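Keep in mind the model is a prediction, meaning the values are calculated, not measured. In each ligand, atom 1 is the first atom listed, and ligand 1 is the first ligand listed.
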Amino acid sequence: LDLSTFFLGRPLTSPLMNASGVWCNVNNQLNALAESKAGAMVTKSCTLLRRNGNPEPRYHTLAMGSINSMGLPNEGHQYYLDYAERHDYENKPLFFSIAGLTLDDNLTMVAQIQDAYTPAILELNLSCPNVPGKAQIAYDFEALDVILAEISAAYSRPFGIKLPPYFDIAHFDEVAEILNRYEKVSFITCINSIGNGLMIDINSETVLIKPKEGFGGIGGDYVLPTALANVNAFYQRCPKKSIIGCGGVSTGEHVFMHLLAGAGIVQVGTALYEEGPEIFVRLNIELAKIMKEKGYKTIREFQGKLKTI
Ligand SMILES: O=C(O)c1[nH]c(=O)[nH]c(=O)c1I
């Protein structure tokens, strides 16, 4: 069962990790991820100050996934810096997600991460769809360019960004052109939830979640084809960057697809929310079984090797 791999030069025992926001808000969840069979882990996207987030119900399980409008609930930046200080980096790499409400807040958090000399890897979330009144930065290409310039100037180390899904080849081209101008952007995590979906309960004839009149980010089986497309689109367009795949993963086959499409790490969100950190045991076994059946000894043998017809 050798699922070892490397990401940004760091050895991983497994290519699997949680998606930011799932099972990573508070210490007991973070400790559970640290003890799990995931090869890495990431903290909940944080803001400078603690946030309660949106009113509940704000998460609902769907037939083929989930809808959420959490509203960026988190314990505040310092809480996760304190965790990053305690984390055992020999055990697994830690990614540190931030989603400041303003550019200044992001710069303040980045400066504090810089000063903390933490080995954690920064994942800048540019795609939260659920803060009322806040558009997703990564859908505003000028704002995307500005924030990458500002963060690159303020942060001395490599970092990554969490992108929303794009649905147009011209957008893949335009966003990749921007990202390729920032060499400090060392990895790209595709995708965040498909923003502002809506699901309906026909018995009560109501929406399922309270915030934003029921509009929320969609995850799970519904998003797998979009996730794979975004992983492969940026894998092809950004040869000097690594890709983290996220979206629609609940089996070893989905993990294999993300790796084939070019992902170096594969994140699990909705399925982790439903199954808990034990899911990493199952996914590792299922992935290893597929590799054995295909005669692959290492992930490197097939990673990014998706064939066209
Ligand atoms: O509502 C949230 O907290 C949330 N929900 C998502 O689906 N993606 C995000 O990036 C965030 I920050």
Discussion item. How about CD on E293, more than 12 heavy atoms from neighbouring residues, nucleotides or ligands closer than 6.0 Å, or not?
Written reply: yes
Discussion item. Does any N or O of ligand 1 fall below 3.5 Å from an N or O anywhere on A99, backbone included?
Written reply: no
Item to complete: For E301, look at atom CD and say whether over 12 heavy atoms of other residues, nucleotides or ligands are found less than 6.0 Å away.
Response: yes
Worksheet item: Within less than 4.0 angstrom of ligand 1, does G21 place any heavy atom?
Response: no
Give the table of side-chain donor-acceptor pairs shorter than 3.5 Å for residues 251-267, with sequence neighbours excluded, one pair per line with atom names and distance.
{"from": "T251", "atom 1": "OG1", "to": "E253", "atom 2": "N", "distance (Å)": "3.3"}
{"from": "T251", "atom 1": "OG1", "to": "H254", "atom 2": "N", "distance (Å)": "3.2"}
{"from": "T251", "atom 1": "OG1", "to": "H254", "atom 2": "ND1", "distance (Å)": "3.3"}
{"from": "H254", "atom 1": "ND1", "to": "G248", "atom 2": "O", "distance (Å)": "3.3"}
{"from": "H254", "atom 1": "ND1", "to": "S250", "atom 2": "N", "distance (Å)": "2.9"}
{"from": "H254", "atom 1": "ND1", "to": "S250", "atom 2": "OG", "distance (Å)": "3.4"}
{"from": "H254", "atom 1": "ND1", "to": "T251", "atom 2": "N", "distance (Å)": "3.2"}
{"from": "H258", "atom 1": "NE2", "to": "G247", "atom 2": "O", "distance (Å)": "3.0"}
{"from": "Q267", "atom 1": "NE2", "to": "E123", "atom 2": "OE2", "distance (Å)": "3.4"}

Fill in: ligand 1 contacted by K44 (non-hydrogen, < 4.0 Å)
yes
Discussion item. Looking at K37, I'd like to know if its NZ atom is crowded, meaning that more than 12 non-hydrogen atoms belonging to other residues, nucleotides or ligands lie closer than 6.0 Å.
Written reply: no
Item to complete: Start with the C-alpha gap between V175 and F234, add the side-chain angles, then the distance that decides, and say whether side-chain contact (heavy atoms from CB on, under 4.5 Å) holds.
Response: CA-CA 9 Å; V175 171; F234 287 103; 3.7 Å; yes
Discussion item. Side chain, backbone, both or neither: which applies to R51 and ligand 1 if a contact is any heavy-atom pair less than 4.0 Å apart?
Written reply: neither
Worksheet item: What do we get for S20 next to ligand 1 when only non-hydrogen atoms under 4.0 Å count, side chain, backbone, both or neither?
Response: neither
Item to complete: Report, in ascending order of atom number, the atoms of ligand 1 lying under 4.0 Å from any heavy atom of N192.
Response: 6 (C), 7 (O), 8 (N), 9 (C), 10 (O)
Response to the item:
The answer for which part of N54 has a heavy atom under 4.0 Å from ligand 1 is neither
Worksheet item: Of the backbone atoms (N, CA, C, O) and the side-chain heavy atoms from C-beta on, which set of V131 has a member under 4.0 Å from an atom of ligand 1: side chain, backbone, both, or neither?
Response: neither
Response to the item:
Under 4.0 Å from one or more heavy atoms of L72, ligand 1 contributes atoms 1 (O), 2 (C), 3 (O), 12 (I)
Discussion item. Which residue and atom name correspond to the protein heavy atom nearest atom 11 (C) of ligand 1, and how close is it?
Written reply: C128 SG, 3.3 Å
Discussion item. Between ligand 1 and M70, is the shortest N or O to N or O distance under 3.5 Å?
Written reply: yes
Item to complete: Please determine if R282 and E286 form a salt bridge, counting it only when a charged side-chain N lies under 4.0 Å from a carboxylate O.
Response: yes
Worksheet entry | Whether P73 lies under 4.0 Å from ligand 1, heavy atom | yes
Worksheet entry | Check: K184 side chain, Y155 main-chain N or O, donor-acceptor pair, under 3.5 Å | yes
Worksheet entry | K305 NZ: over 12 foreign heavy atoms closer than 6.0 Å | yes
Worksheet entry | Approximate separation, where rounding is to 0.5 Å, of E177 CD and D173 CG | 10.0 Å
Worksheet item: Does S193 have a heavy atom less than 4.0 Å from any atom of ligand 1?
Response: yes
Discussion item. Regarding ligand 1, does S69 bring an N or O atom to under 3.5 Å of one of the ligand's N or O atoms?
Written reply: no
Fill in: Interfacing atoms of ligand 1 (cut-off 4.0 Å, heavy-atom, P129)
6 (C), 8 (N), 9 (C)
Fill in: Spatial distance of atom OG (S69) from atom CG (N196) [nearest 0.5 Å]
7.5 Å
